[in-house]
Amino acid sequence: MRLVVVGADGRMGRMLIRAVAEAEGCTLAGAIEREGSAALGQDAGTLAGLPPLGVNVTDDPLPVFAAAEGVLDFTTPAATTHFAELAAQARIVHVVGTTGLSEADLARLEAAAHHARIVRSGNMSLGVNLVAGLVRKVAAALGTEFDIEIVEMHHRMKVDAPSGTALLLGEAAAEGRGVSLPDVRVSTRDGHTGARRPGDIGFATLRGGTVVGDHSVTFAGPGERITLSHHAEDRAIFARGAVRAALWAFPKRPGLYGMTDVLGL
Ligand SMILES: NC(=O)C1=CN([C@@H]2O[C@H](COP(=O)(O)OP(=O)(O)OC[C@H]3O[C@@H](n4cnc5c(N)ncnc54)[C@H](OP(=O)(O)O)[C@@H]3O)[C@@H](O)[C@H]2O)C=CC1
Ligand SMILES: O=C(O)C1=N[C@H](C(=O)O)C[C@H](O)C1
């Protein structure tokens with residue numbers, strides 16, 4: 001499968017170039033960065049710490065998408081919505097790892113999915129998606145006497161909060177409880193907050209250092225607590241998940257899919 005990496009000079013972009021180069025059945029068909037990036041013109045392999053791959057980084061996605069079969073996109077919401085429209089025009093697979101998308105951004109992805117096969121997830125790792133399944137089950141089994149609190153920690157450069165993974169886990173908990181996350185979500189607490197409202201799902205965000213991604217979901221009940229956790233140690237888990245998603249989506253019909261579809265969970 002001929003794959004393009006957009007945001008090629010990012011933390012995930014460089015990891016994705018390595019994952020494509022290592023994956024059986026995949027070749028790097030292009031590497032895109034934004035206009036003005038210092039990476040433009042460089043060999044994508046060299047950028048990713050590999051021997052040269054013969055693919056130079058460019059800021060012109062149109063001809064690159066036209067000659068490709070899929071795009072791996074871990075960039076920004078503004079870039080991702082633009083790339084979704086280009087991927088739909090080119091009728092290629094679009095794997096979206098970008099987090100922090102607004103409702104309006106998601107509506108643009110849904111529109112693009114009429115023509116493109118889009119796989120989107122706040123976390124492309126096998127481990128997190130398994131934990132989400134467990135969270136759904138535990139939330140369904142326990143009543144609201146168990147308070148649900150989600151804590152995440154990421155590196156100091158992360159720009160969105162709560163993380164896409166924390167929201168994915170919150171959605172799983174809400175689904176298990178049969179409620180809608182926006183109705184019960186509490187993402188900030190400061191000052192005299194009053195007592196906790198039964199049924200709320202709380203989010204706490206920590207930022208610092210080089211943490212790849214830590215998440216825990218605690219069910220705090222009368223006299224006991226259950227905590228389900230995931231610790232990402234290497235961004236390669238997300239990159240390998242993204243390549244797997246592209247290969248999975250290649251023969252599928254246009255539509256918006258998630259990692260649970262890819263992993264068969
Ligand atoms: N779903 C998942 O499993 C995971 C999701 N993520 C998400 O992926 C996203 C990226 O994370 P990360 O790699 O750490 O961030 P980085 O900031 O390191 O990388 C983003 C890259 O995209 C580039 N970019 C921005 N706009 C454009 C554009 N219009 N065209 C081409 N390239 C563009 C940036 O360039 P410049 O810096 O020059 O602006 C940068 O190189 C985040 O939303 C993060 O939360 C991360 C890990 C796993
Ligand atoms: O920005 C990151 O780094 C990560 N972002 C994703 C998120 O928002 O959950 C996935 C992973 O935790 C790393």
Side-chain angles (χ1 to χ4, degrees), residues 4-19 30-40 42 44 47-48 57-62 64-65 71-87 94-102 105 118-129 131-132 150-172 203 205-217 229-246 258-260 262-263:
V4 180
V5 173
V6 293
D9 194 26
R11 279 174 290 276
M12 279 305 300
R14 281 175 259 136
M15 200 53 86
L16 288 161
I17 292 168
R18 288 203 282 276
I32 309 290
E33 254 301 336
R34 63 167 179 76
E35 222 181 298
S37 164
L40 295 179
Q42 288 189 47
L47 193 66
V57 180
T58 166
D59 60 3
D60 185 6
L62 268 182
V64 178
F65 281 25
V71 51
L72 308 179
D73 178 352
F74 290 60
T75 56
T76 64
T80 291
T81 46
H82 175 59
F83 289 134
E85 279 146 23
L86 299 186
H94 188 192
V95 176
V96 176
T98 309
T99 57
L101 297 161
S102 66
D105 296 330
I118 301 182
V119 182
R120 183 186 81 85
S121 176
N123 196 302
M124 300 268 168
S125 77
L126 172 64
V128 157
N129 286 282
V131 170
I150 300 175
V151 182
E152 55 112 335
M153 180 161 187
H154 284 86
H155 54 94
R156 62 166 72 94
M157 301 306 289
K158 184 158 176 66
V159 295
D160 55 309
S163 69
T165 309
L167 292 170
L168 176 161
L169 294 168
E171 291 284 358
F203 291 84
T205 297
L206 309 179
R207 293 284 176 266
T210 56
V211 178
V212 174
D214 287 351
H215 293 88
S216 71
V217 182
S229 307
H230 181 270
H231 303 278
E233 295 173 354
D234 187 336
R235 287 186 178 84
I237 59 173
F238 311 128
R240 285 198 297 265
V243 171
R244 182 169 174 174
M259 266 325 261
T260 48
V262 174
L263 298 170

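Counting starts at 1 for both ligands and their atoms, following the listed order.
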Show, in sequence, the C-alpha distance, side-chain angles and deciding distance for Val5 and Phe74, and conclude whether the side chain to side chain contact (heavy atoms under 4.5 Å, CB included) test is met.
CA-CA 9 Å; Val5 173; Phe74 290 60; over 6 Å; no

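- Some N or O of Met124 is nearer than 3.5 Å to an N or O of ligand 1, by distance alone.
- Per-residue contacts place Gly122 under 4.0 angstrom from the following atoms of ligand 2 (heavy atoms of the residue considered): 6 (C), 7 (C), 9 (O), 10 (C).
- With ligand atoms numbered from 1 in the order given, ligand 1 contributes 30 (N), 31 (C) to contacts under 4.0 Å with heavy atoms of Phe83.
- Atoms of ligand 2 lying under 4.0 Å from at least one heavy atom of Thr165, given by number and element, are 7 (C), 9 (O), 10 (C), 12 (O).
- The nearest heavy-atom contact from the protein to atom 19 (O) of ligand 1 is Gly10 CA, 3.3 Å.
- Between Gly97 and ligand 1, at least one N/O pair is under 3.5 Å apart.
- Of the listed residues (Lys158, Glu152, Arg156), just one forms a side-chain hydrogen bond (donor to acceptor under 3.5 Å, both in side chains) with His154, and that residue is Glu152.
- Between Ala31 and Ala8 the shortest heavy-atom distance is CB-CB, 3.9 Å.
- Ligand 2 has no atom lying under 4.0 Å from any heavy atom of Leu167.
- Using a 4.0 Å cutoff on heavy atoms, Gly100 does not count as a contact of ligand 1.
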Steps toward side chain to side chain contact (heavy atoms under 4.5 Å, CB included) verdict (Val128, Phe238):
CA-CA 10 Å; Val128 157; Phe238 311 128; 5.8 Å; no

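- On a distance-only criterion, Val6 and ligand 1 share no N/O pair closer than 3.5 Å.
- In terms of protein heavy atoms, atom 12 (O) of ligand 2 is closest to His154 NE2, 2.6 Å.
- The two residues Leu72 and Ala246 make their nearest non-hydrogen contact at CD2-CB, 4.0 Å.
- A salt bridge links Arg14 with Asp9: the closest approach of a Lys/Arg side-chain nitrogen to an acidic carboxylate oxygen falls below 4.0 angstrom.
- Atom numbering of ligand 2 starts at 1 in the shown order; those under 4.0 Å from a heavy atom of His155 are 1 (O), 2 (C), 3 (O).
- When non-hydrogen atoms are compared, ligand 2 lies under 4.0 Å from the backbone of Val212 (N, CA, C, O) but not from its side chain.
- Any N or O atom pair closer than 3.5 Å counts here, and Arg11 shares at least one such pair with ligand 1.
- Side-chain contact between Leu168 and Ser121 is present, with at least one heavy-atom pair separated by less than 4.5 Å.
- Between Phe74 and ligand 1, not a single N/O pair is under 3.5 Å apart.
- Counting the atoms of ligand 1 from 1 in the order shown, those under 4.0 Å from a heavy atom of Lys158 are 45 (O).
- Across all non-hydrogen atoms, the minimal contact from Val243 to Ala19 is CG2-CB, 3.9 Å.
- The nearest pair of heavy atoms linking Val64 to Val4 is CG1-CG2, 3.7 Å.
- Residue contacts with ligand 1: Ser121 is included, with a non-hydrogen atom under 4.0 Å away.
- Between the Arg18 side chain and the Ala48 main chain, a donor and an acceptor come within less than 3.5 Å of each other.
- Scanning the protein for heavy atoms near atom 9 (C) of ligand 1, the closest one is Thr75 O, 3.4 Å.
- Counting the atoms of ligand 1 from 1 in the order shown, those under 4.0 Å from a heavy atom of Phe238 are 3 (O), 47 (C), 48 (C).
- Heavy-atom contacts of Ser163 reach the following atoms of ligand 2: 7 (C), 8 (O), 9 (O) (cutoff under 4.0 Å).
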Would Thr80 and Arg120 count as a side chain to side chain contact (heavy atoms under 4.5 Å, CB included) here? Give the steps.
CA-CA 11 Å; Thr80 291; Arg120 183 186 81 85; over 6 Å; no

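- In terms of modelled atom types and a separation under 3.5 Å, the side chain of Thr98 and the main chain of Pro77 share no donor-acceptor contact.
- For a threshold of 3.5 Å applied to N or O pairs, the pair formed by Glu33 and ligand 1 contains at least one separation below that value.
- With Asn129 contributing its side chain and Asn123 its backbone, the two residues share a donor-acceptor pair below 3.5 Å.
- The closest protein non-hydrogen atom to atom 45 (O) of ligand 1 is Thr99 OG1, 2.5 Å.
- Summary of contacts: the protein heavy atom closest to atom 25 (C) of ligand 1 is Thr76 CG2, 3.9 Å.
- Nearest non-hydrogen protein atom to atom 7 (C) of ligand 2 is Gly164 N, 3.4 Å.
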Is there a side chain to side chain contact (heavy atoms under 4.5 Å, CB included) between Met15 and Asp234 once you walk through the steps?
CA-CA 10 Å; Met15 200 53 86; Asp234 187 336; 4.0 Å; yes

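- Shown in contact with Ala79 at under 4.0 Å from a heavy atom are these atoms of ligand 1, numbered in order with element: 26 (N), 27 (C), 28 (C), 29 (N).
- For atom 22 (O) of ligand 1, the nearest protein heavy atom (residue, atom name, distance) is Gly7 CA, 3.4 Å.
- The nearest protein heavy atom to atom 1 (N) of ligand 1 is closer than 4.0 Å.
- The minimum heavy-atom distance linking Met124 with Val119 is given by the pair CE-O, 4.1 Å.
- In terms of heavy atoms, Ala161 sits closest to Arg207 at CB-NH2, 3.7 Å.
- When each atom of ligand 1 is checked for a heavy atom of Met12 under 4.0 Å away, the hits are 13 (O), 46 (C), 47 (C).
- Inspection of the Thr81 and Asp105 side chains reveals no N or O donor paired with an N or O acceptor under 3.5 Å.
- At a heavy-atom distance under 4.0 Å, only side-chain atoms of His215, from C-beta outward, approach ligand 2.
- Close approach to Thr98 involves these atoms of ligand 1, each under 4.0 Å from a residue heavy atom: 43 (O).
- Note: an N/O pair closer than 3.5 Å links Arg34 and ligand 1 by distance alone.
- The single protein non-hydrogen atom nearest to atom 1 (O) of ligand 2 is Lys158 NZ, 2.9 Å, given as residue, atom name and distance.
- Thr58 and Asp60 share no side-chain donor-acceptor pair at under 3.5 Å.
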